[in-house]
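Just so it is clear, the values below take in all heavy atoms, side chains as well, and ignore hydrogens, waters and symmetry mates. Please read these numbers as outputs of a predicted model, since none were measured by experiment. The first residue of the sequence shown is numbered 1, and numbering continues consecutively from there.
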Amino acid sequence: MVARRKVAVVGVALSDCGRVDDATPYALHAQAARRALADAGLDRSLVDGFASAGLGTLAPIEVAEYLGLRPTWVDSTSVGGSTWEVMAAHAADAIAAGHARVVLLAYGSTARADVRAGRRTGTLSFGTRGPLQFEAPYGHTLIAKYAMAARRHMIEYGTTIEQLAEVAVQARANAALNPEAMFRTPVTVDDVLAGPMIADPFTKLHCCVRSDGGAAVLLAAEEYVRDCRTAPVWVLGSGEHISHSAMSEWPDFTVSPAAVSGRLAFERAGVRPSEIDFAEIYDAFTYMTLVTLEDLGFCGKGEGGAFVEKGRLRVEGGELPVNTDGGGLSAQHPGMRGLFLLVEAVRQLRGECGDRQVRRVDGSLPRLTVASGTGGWFCSSGTVVLGAD
């Protein structure tokens, strides 16, 4: 049997993000990819694997062609916002098995600019094909699905709207420390509650921002680490899980697929949630953060509301800093945001985050983190545990 190689993230980057009116999605892919390669210090010729989703008729073939790549390993798995954690897991497995040496994950979207220019409308639903045809006639919009799940958690466990609002408040506090975040002005619980209602119980600030932007992550086999200009961040374990597409098939609105993907990732990494220094969690809505914290094991089921109180998620003074860049609620959210979680996780472990840098109680840099992406309306989850040298 051939020994499995260790796999490290050796390069990460964002494209221009936020308000980008003069670029195409392809250009954002390329900008992020070039920056990730420069971050790693590796030549493009070493990239023999490529993963991407969400763009082109033949994704990711069109994007690879645009980037000038001819990969011998490819992945186009598309499971919504968790796509990138799932792809990172697939890439790590391929590298470990010797099927690839260096894999590039890339994403880019002009979701905001397209709406402003009239090239598309806001995404209220995913259409009426397949099982969704039985829900769409009742006005079951994308955000309504999340809102219904949040309301069920409130009914079952007594979670309050003020506790959900705390997630938005603390995300904005972290964004205030991030010069690249789209929104940095602090907000209060009262500000969140006073906003316009979008889908009961969510007001505007319970919902993610709409932005433009791209990201790229470069994974490599251990023998290439010594040639990189950055410190390696090792992929320690991962898990993935899909649950449902129709809400009527979701057994329990208060349990996300992260309950399975997280358990698998921690088991395979050989670490416990209590050992994690900070977490990057998909946050299209405040409820996503709260329920994912529960399902990853940072608190018990139904205890998420109490857990997020008292500033636990803040970079400054928080027991478990979460979404340290400000997350999708404040930093940026151009669509399938899961790749941005990996970029921020790696930067934090490398100590590159300036005013928002997480530190342990003794002042040292963090050693372990988890990035957990969510897709659809809690339809899929991918979780990756990362560790520094």
Side-chain angles (χ1 to χ4, degrees), residues 1-9 51 75 77 79-99 103 105 217 219 221-222 232-244 250-252 254-282 288-304 307 319-323 338-339 341-342 344-346 348-349 358 360 366-375 378-389:
M1 179 181 293
V2 177
R4 290 175 64 85
R5 298 182 291 185
K6 292 174 60 179
V7 180
V9 179
D75 189 4
T77 300
V79 286
S82 64
T83 289
W84 308 103
E85 283 69 33
V86 171
M87 282 184 171
H90 294 177
D93 286 344
I95 294 170
H99 299 159
V103 176
L105 281 59
V217 168
L219 298 97
E222 58 184 309
V233 169
W234 302 100
V235 179
L236 303 181
S238 63
E240 57 195 84
H241 182 55
I242 58 173
S243 177
H244 60 279
W250 188 2
D252 187 341
T254 69
V255 178
S256 80
V260 176
S261 69
R263 174 179 55 79
L264 293 173
F266 285 126
E267 287 177 356
R268 292 163 180 170
V271 302
R272 300 182 301 275
S274 60
E275 298 177 77
I276 296 297
D277 294 312
F278 66 96
E280 305 298 337
I281 292 174
Y282 207 97
M288 296 177 75
T289 303
L290 185 146
V291 76
T292 305
L293 285 167
E294 293 179 350
D295 291 337
L296 291 179
F298 292 113
C299 59
K301 177 53 59 182
E303 298 175 1
F307 184 85
E319 296 174 21
L320 180 73
V322 172
N323 296 336
L339 200 54
L341 308 182
L342 294 171
E344 178 68 10
V346 170
Q348 285 285 350
L349 289 175
V358 172
R360 304 172 97 177
R367 308 296 298 169
L368 289 171
T369 188
V370 61
S372 189
T374 302
F378 293 109
C379 305
S380 66
S381 177
T383 303
V384 180
V385 177
L386 301 170
D389 260 338

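Taking CE of Met87 as the reference point, atom OG of Ser238 lies at 14.0 Å (rounded to 0.5 Å). Between the CG atom in Leu320 and the CZ atom in Phe278 there is a gap of 10.0 Å [rounded to 0.5 Å]. In this structure, OG in Ser381 is found 10.0 Å from CD1 in Ile281, a value given to the nearest 0.5 Å. If you take OG1 on Thr77 and CH2 on Trp84, they are separated by 10.0 Å, rounding to the nearest 0.5 Å. Here the CZ atom belonging to Phe378 is positioned 5.5 Å from the OG1 atom belonging to Thr292, to the nearest 0.5 angstrom. How far CG of Leu349 is from CH2 of Trp234: 13.0 Å, rounded to the nearest 0.5 Å.
Val370 pairs with exactly one of Val384, Thr383, Leu386 by the side chain to side chain contact (heavy atoms under 4.5 Å, CB included) rule, that one being Thr383. Shown are Ser372, Ser261, Ser380; of these, the side chain to side chain donor-acceptor pair (under 3.5 Å) with Ser82 is made only by Ser380.
Contact detail for Ala89 and Glu240: the closest heavy-atom pair is CB-OE1, 4.2 Å. Nearest heavy atoms, Thr254 versus Lys301: O-NZ, 2.5 Å. Nearest heavy atoms, Phe298 versus Phe307: O-CE1, 3.6 Å. Looking at every heavy atom in both residues, Ala91 comes nearest to Leu105 through CB-CD1, 4.3 Å. Between Gly373 and Tyr282, the shortest heavy-atom contact is CA-CB, 3.9 Å. Contact between Ala92 and Val235 at its shortest, heavy atoms only, is CB-CG1, 4.1 Å.
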task = Show your reasoning for whether side-chain contact (heavy atoms from CB on, under 4.5 Å) applies to Val217 and Val346.
result = CA-CA 9 Å; Val217 168; Val346 170; 5.9 Å; no
inquiry  = I'd like to know whether Leu342 forms a side-chain contact (heavy atoms from CB on, under 4.5 Å) with Val9, so could you lay out the CA-CA distance, the side-chain angles of the two residues, the decisive distance to 0.1 Å, and finally the verdict.
reply    = CA-CA 9 Å; Leu342 294 171; Val9 179; over 6 Å; no
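In this structure, Glu280 and Asn323 have side chains that are in contact, with non-hydrogen atoms separated by less than 4.5 Å. The side-chain heavy atoms of Ile95 and Arg5, taken from C-beta on, include a pair separated by under 4.5 Å.
Remark: side-chain polar atoms of Asp277 are not paired, donor with acceptor, to backbone N or O of Thr369 under 3.5 angstrom. Proximity of a side-chain donor or acceptor of Glu222 to a complementary backbone N or O of Lys6 within less than 3.5 Å is detected. Looking only at distances, no side-chain donor or acceptor of Arg4 sits under 3.5 Å from a matching main-chain atom of Ala96. Not a single donor-acceptor pair under 3.5 Å links the side chain of Glu85 to the backbone N or O of Ala371. Using a distance-only test at 3.5 Å, with no hydrogens or angles considered, a donor-acceptor pair links the side chain of Glu294 to the main chain of Gly302. Thr83 places a side-chain N or O within donor-acceptor distance of the main-chain N or O of Gly80, the cut-off being under 3.5 Å.
Salt bridge status for Asp295 with Arg263: absent, with no side-chain N to carboxylate O gap under 4.0 Å.
Within 6.0 Å of CZ in Arg360 there are more than 12 heavy atoms belonging to other residues, nucleotides or ligands. Residue-environment remark: CG (Leu264) exceeds the threshold of 12 foreign heavy atoms within 6.0 Å.
Ring geometry, His244 versus Trp250: the interplanar angle falls under 30°, so the pair is classed parallel (tilted spans 30 to 60°).
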